[in-house]
There are 2 protein chains.
Amino acid sequence: MDPHLLRTFVAVARCGSFSRAASELGYTQSAVSQHIAALEADLGTSLVNRRPVVPTPEGQRLLEHAGPILLRLDAARAEITKMVQAPPDRLVVGLSPLAFMADIVAANHVRVLPRAEVVTGVAQGTLDLGLVDGIAAPSDPLNLPDVAPMATVGVAERPLVVVFPHDHPLARRKRINLADLADAQWIDAPESAIPLAQLRSASGTDGFRAALRYEGTHVPGLLQMAAAGHGLILLPQPMVDGLPAVPITRLVHRVELISIPSSGVSTIPTH
Amino acid sequence: MDPHLLRTFVAVARCGSFSRAASELGYTQSAVSQHIAALEADLGTSLVNRRPVVPTPEGQRLLEHAGPILLRLDAARAEITKMVQAPPDRLVVGLSPLAFMADIVAANHVRVLPRAEVVTGVAQGTLDLGLVDGIAAPSDPLNLPDVAPMATVGVAERPLVVVFPHDHPLARRKRINLADLADAQWIDAPESAIPLAQLRSASGTDGFRAALRYEGTHVPGLLQMAAAGHGLILLPQPMVDGLPAVPITRLVHRVELISIPSSGVSTIPTH
DNA sequence: ATCAGTTACGCTTGGCGTAATGATC
DNA sequence: GATCATTACGCCAAGCGTAACTGAT
């Protein structure tokens with residue numbers, strides 16, 4: 001199970017084609033075919049069905065492992081090469097959209113990225129620091145995927161609110177339980193609000209089905225949609241201005257600063 | 001960063017010697033030397049100091065990654081080979097010492113193993129099921145290392161108690177906060193009580209220093225030591241019989257059943 | 001002088017590309 | 001017959017072992 005073979009395998013699975021995977025990786029079709037054949041011989045099973053090229057159940061299981069393995073391999077390499085090179089004089093900070101906070105952002109060069117890319121970016125060393133947001137119980141840590149051992153520091157916790165349209169029957173409640181909203185109409189806006197997947201894992205249910213999907217990162221636009229009644233969204237309280245919004249019980253919106261431990265970054269510039 | 005190279009690297013680091021690592025892996029010393037040289041050339045740093053053979057800081061960092069990577073590689077292979085073979089007619093269940101429960105154990109073939117080995121055993125397929133215990137907030141999951149995606153089910157939660165000697169000033173308290181005991185004298189008994197490392201991570205402090213270390217798995221013996229005043233220990237309440245024991249606030253002893261998801265094991269024999 | 005890691009060197013094998021073959025729509 | 005995966009084959013390089021070498025104790 002050479003990493004090269006795994007890399008080709010995930011490329012094949014993603015592309016759905018040997019030849020496309022080959023050109024993407026800079027191999028010939030032949031080499032890709034041999035890679036897959038080698039993996040299949042090694043594991044004693046077929047991993048992809050051909051025509052169409054689709055992973056078998058065994059292949060799907062392998063895919064679940066291959067991603068994290070390759071990610072961690074990259075993370076290890078990145079960490080060590082960083083230790084060798086002189087520390088950069090400019091920090092690159094990755095932000096998930098809702099982790100934005102004016103006072104922290106002022107001093108550094110930042111890039112706004114999807115949540116997962118912030119985590120992998122820090123792990124792989126393309127980012128020096130990451131600020132990721134998510135939901136958690138008060139003063140509990142976020143449930144981040146541990147692609148690599150990371151140092152995390154909570155930097156903010158704000159109330160988590162659900163945005164209702166003006167005329168919604170629950171809009172005047174003082175607080176509300178997340179589980180009570182599992183069957184409501186939701187907008188899935190993974191880039192500009194809390195992704196519904198996080199609600200499911202936080203509540204342990206599989207409700208929170210999306211009536212609508214919003215790919216943009218423009219929060220005011222999303223707020224208008226929610227206010228107009230197209231569906232519910234969850235946001236940290238400071239980002240909701242004047243609209244009817246009810247705090248969620250026992251959950252907060254939390255922002256964490258993540259970094260590779262003891263990689264030279266010990267203190268954080270505060271202005 | 002071929003897995004073979006990583007494997008020899010961890011062997012070298014563990015053995016503290018190229019030649020011992022070589023004989024352990026079935027290579028010649030020369031091959032091991034070439035492996036290390038290849039890794040060092042690839043990463044652009046020296047990874048071990050020679051004479052004596054000790055990892056450099058960069059090597060230590062690599063070691064932190066290499067273990068999990070190799071473990072997950074093995075886990076992936078084991079999972080897939082298990083999918084291919086017919087399911088075994090006998091389940092092998094791994095138990096961490098304090099996860100023992102008579103009603104579950106009756107029907108299966110079990111092996112009692114240290115906590116970490118239960119997790120890795122399930123991941124690598126040497127165990128079909130694992131029962132691991134630990135401490136957590138009530139109805140919260142255990143904080144298990146995620147070497148592979150695992151299905152976990154909570155199977156028991158009992159009060160967590162600290163065992164005091166008869167004359168201890170706190171022995172008559174109704175309940176006690178774990179943090180208040182950080183500076184007490186503890187017995188570290190990782191095989192037969194809650195390891196102190198778990199207390200530190202649960203409380204977020206670095207207290208709970210061991211006055212004594214007990215390697216055995218014989219709980220009654222450990223209880224006698226605690227009763228005699230050699231130090232405090234933490235146990236699930238049902239295992240403490242008649243001795244002065246005070247429940248810990250906001251923490252419980254939890255047992256979880258872990259398995260590889262949808263690997264054919266959907267229900268558990270109940271008799 | 002001995003022990004332990006490194007380097008040199010030859011051999012084998014693995015792995016890639018080119019090109020021919022085979023299968024599927 | 002066009003497209004895409006597989007097989008055949010030749011070539012190069014990676015990787016192992018044997019053995020000579022180097023440095024440290």
Quick one: B/N49 CG to C/dG5 C1', roughly how many Å, whole number?
13 Å
Between CG on residue B/L73 and CE on residue A/M1, distance to nearest 0.5 Å
4.0 Å
Write down the distance between CG (A/L5) and P (C/dG15), rounded to a whole number of angstrom.
7 Å
With sequence neighbours excluded, tell me which residues meet side-chain contact (heavy atoms from CB on, under 4.5 Å) with A/A37.
none
Can you sort out the partners of A/S192 under side-chain hydrogen bond (donor to acceptor under 3.5 Å, both in side chains), two or more places apart, ordered by chain and number?
none
Mind listing the residues from residues 11-20 of chain A sitting with a heavy atom below 4.0 Å of DNA chain C? Number order is fine.
none
A/D2 atom CG is separated from C/dC16 atom C1', nearest whole Å, by 13 Å
Under the ring-ring contact (aromatic ring centres under 6.0 Å, His included) rule, what pairs show up with a residue in residues 191-219 of chain A, not counting sequence neighbours?
A/W186-A/F208
Which dot-bracket string describes DNA chain D (Watson-Crick N1-N3 plus N6-O4 or O6-N4, or G-U N1-O2 and O6-N3, all under 3.5 Å; [ ] crossing; | other strand)?
|||||||||||||||||||||||||
Ignoring hydrogens and geometry beyond distance, is a side-chain donor-acceptor pair present between B/S96 and B/D133 at under 3.5 Å?
yes
Heavy-atom contacts, protein to nucleotides 20-25 of chain D, under 4.0 Å, summarised as B (base), S (sugar-phosphate only) or - (none) per nt, yield ---BS-
Ordered by number, residues from residues 29-43 of chain A within less than 4.0 Å of DNA chain C (heavy atoms) are A/S30, A/A31, A/Q34, A/H35
Would you check if B/L70 and B/P3 make a side-chain contact, meaning some heavy-atom pair closer than 4.5 Å?
yes
Main-chain N/O of A/G207 paired to A/R200 side chain as donor or acceptor, under 3.5 Å:
yes
For B/E40, which residues count as a side-chain contact (heavy atoms from CB on, under 4.5 Å) partner, sequence neighbours excluded?
B/I36, B/S46, B/L47, B/V48, B/R50
If we only count heavy atoms from C-beta on, is the B/L129 to B/I258 side-chain gap below 4.5 Å?
no
Validation: residues 21-29 of chain A side-chain donor-acceptor distances under 3.5 Å, sequence neighbours left out:
residue	atom	partner	partner atom	Å
A/S23	OG	A/R20	O	3.0
A/E24	OE1	A/R14	NH1	3.4
A/E24	OE2	A/R14	NH1	3.0
A/E24	OE2	A/R14	NH2	2.9
A/T28	OG1	A/A31	N	3.2

Taking side-chain contact (heavy atoms from CB on, under 4.5 Å) as the definition, give me every residue that meets it alongside A/Q198, ordered by chain and number, with sequence neighbours left out.
A/R115, A/I135, A/I194, A/P195
List in chain and number order the residues that pass salt bridge (Lys or Arg N to Asp or Glu O under 4.0 Å) with B/D42, two or more places apart in sequence or in another chain; answer none if no residue qualifies.
A/R77
Only counting residues at least two apart or in another chain, list the ones meeting side-chain contact (heavy atoms from CB on, under 4.5 Å) with B/A210.
B/D188, B/L196
